[in-house]
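Beneath this line is the structure, given in structure tokens, with notes to follow.
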Amino acid sequence: MNDKMIIAGREFSSRLFIGTGKFASNRIMSDAIEASGSEMVTVALRRVNIEDSSDDMLSAIMRENVQLLPNTSGARDAKEAVRLAKIARAASGIEWVKLEVTPDPYYLLPDPVETLEAAKELVDEGFIVLPYINADPVLAKKLEDAGCATVMPLAAPIGSNKGIKTRDSIKIIISQASVPVVVDAGLGLPSHAADAMEMGADAVLVNTAIAVCDKPSEMAQAFAKSVEAGRQGYLAGPGCVSETANASSPLTGFLRD
Amino acid sequence: MQIRVNGKDMNFSDNSAPATVKELIDHLGIDSAAVVAEVDGEIVEKRNFENTKIKDSQKIELIRFVGGG
């Protein structure tokens, strides 16, 4: 299936984005990224541990075909998010940023007002902005109008593995969007990813479901297959849903009097 | 000289104090290639580590990429 997605002028063959948090080791993470075939991989920024600064995880991620996507996780408002994005750019030279503004650590739901404010500023600063949002169609349009490269509505709270709990709103976002829609957060199983892709999402972002399962590489591969299957199903144009039966076999010529 | 690095106070005698961001990073045994610094809220890019002087009472953040979603 030759079906490329383009974000900010860059072509992606894989529609599975992978997060790198919570893996038991760099080796396990690296193997999972490889198995997934992902071309978009998120990373976070934190203070160096001055007592133990030996951990270099970037080399375990970097591949020729992988776009590194620094996030602004930990930002509680627009100001902190912009600061983190600028630090990420200074550290890596990368202008892509997954914009996250989550003031409440209990549910980690994104702040729509601060997200929009930060998005506008970052777009002005030349960043390619991929904002993480609640599944809010009005906000999604505003972010698109502000120049964001995608919108990334959540399926369920981060790390919850609950699947798509925001279905109707995500459908509206997909129907209205003219930038790629990436379903992010809450997908816990490959079937959830297939579901999102069948709905017409352009991509999905998965971290926890892969990182904390028993066999991350196998789960990564399972997600990759599901994303591809879901996309193909969407492109094939599903038939209508009906309240009553519609016979698949002819209703004539029965072998009875 | 006293500086605050990543939220922790560090004290140096005058003759052992790191003069630049680069010297501080080396002193801490950190691979400077993987790090970005902020001095009093201003981002210092890697290429400027060597010529960015450290002064008493400054707040310095040393930041790098970690796993995240």
Side-chain angles (χ1 to χ4, degrees), chain A residues 17-26 28-29 33 41-62 68-74 83-94 98 100 108 132 158-159 184-186 205-211, chain B:
Chain A
F17 300 176
I18 298 273
T20 55
K22 302 185 194 172
F23 282 93
S25 71
N26 284 347
I28 291 170
M29 174 188 71
I33 294 170
V41 177
T42 62
V43 288
L45 282 168
R46 290 292 180 270
R47 282 173 165 166
V48 174
N49 179 354
I50 291 169
E51 276 80 42
D52 175 17
S53 60
S54 59
D55 184 32
D56 173 25
M57 56 90 66
L58 275 190
S59 58
I61 297 174
M62 295 309 291
L68 212 59
L69 181 62
N71 70 29
T72 63
S73 76
R83 176 185 170 205
L84 281 167
K86 287 180 177 175
I87 290 170
R89 182 165 63 180
S92 62
I94 293 166
K98 178 186 170 187
E100 287 187 42
L108 289 174
Y132 166 64
I158 290 173
D184 179 8
L205 198 160
V206 182
N207 186 348
T208 300
I210 294 171
Chain B
M1 180 173 83
Q2 185 184 63
I3 52 176
R4 196 164 173 80
V5 182
N6 288 6
K8 288 180 185 163
D9 288 328
M10 298 182 77
N11 292 290
F12 296 94
S13 62
D14 283 349
N15 57 0
S16 71
T20 64
V21 171
K22 174 79 167 65
E23 283 185 28
L24 173 68
I25 289 171
D26 289 347
H27 169 80
L28 294 169
I30 297 166
D31 174 10
S32 62
V35 174
V36 68
E38 253 189 1
V39 177
D40 285 345
E42 294 289 322
I43 295 169
V44 180
E45 301 205 23
K46 281 192 228 13
R47 63 173 183 272
N48 293 325
F49 284 177
E50 268 182 86
N51 55 28
T52 302
K53 299 263 191 292
I54 295 178
K55 299 178 195 119
D56 189 42
S57 313
Q58 281 188 317
K59 285 185 182 167
I60 297 164
E61 294 284 339
L62 301 173
I63 303 146
R64 71 165 168 194
F65 287 115
V66 298

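All chains are named by letter (A, B, ...) in the order of the sequence lines, taking the proteins before the strands, and each is independently numbered beginning at 1.
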query: Rounded to the nearest 0.5 Å, how far apart are NZ of A:Lys86 and CD of B:Glu38?
result: 10.5 Å
message: Can you tell me if B:Gln2 has over 12 outside heavy atoms packed within less than 6.0 Å of its CD?
response: yes
query: Is it the backbone or the side chain of A:Ile87 that comes under 4.5 Å from a heavy atom of chain B, or both, or neither?
result: both
field: Interatomic spacing from CD1 in A:Ile50 to CG in B:Leu28 - rounded to 0.5 Å
entry: 5.5 Å
- request: Hey, could you give me the CZ/CZ distance between A:Arg47 and B:Arg64, rounded to the nearest 0.5 Å?
  value: 14.0 Å
query: Looking only at heavy atoms, which two atoms of B:Gly69 and A:Glu100 are closest? And how far apart?
result: O-OE2, 3.4 Å
- prompt: Quick check: are there more than 12 heavy atoms from other residues, nucleotides or ligands sitting under 6.0 Å from CG of B:Asp14?
  reply: no
Minimum heavy-atom distance A:Ala88-B:Phe65, with the two atoms named: O-CZ, 3.8 Å
- prompt: Given A:Val48, which of B:Val66, B:Asn6, B:Val5 fulfils the side chain to side chain contact (heavy atoms under 4.5 Å, CB included) condition?
  reply: B:Asn6
B:Ile43, part contacting chain A, at a heavy-atom distance under 4.5 Å: side chain
- line: Under 4.5 Å to a heavy atom of chain B? For A:Lys22 that would be neither
message: Quick check: closest heavy atoms across B:Gly67 and A:Ala44, and the distance to 0.1 Å?
response: O-CB, 4.0 Å
task: Return the option, out of A:Asn207, A:Thr42, A:Leu69, with the maximum number of heavy-atom pairs under 4.5 Å with chain B.
output: A:Thr42
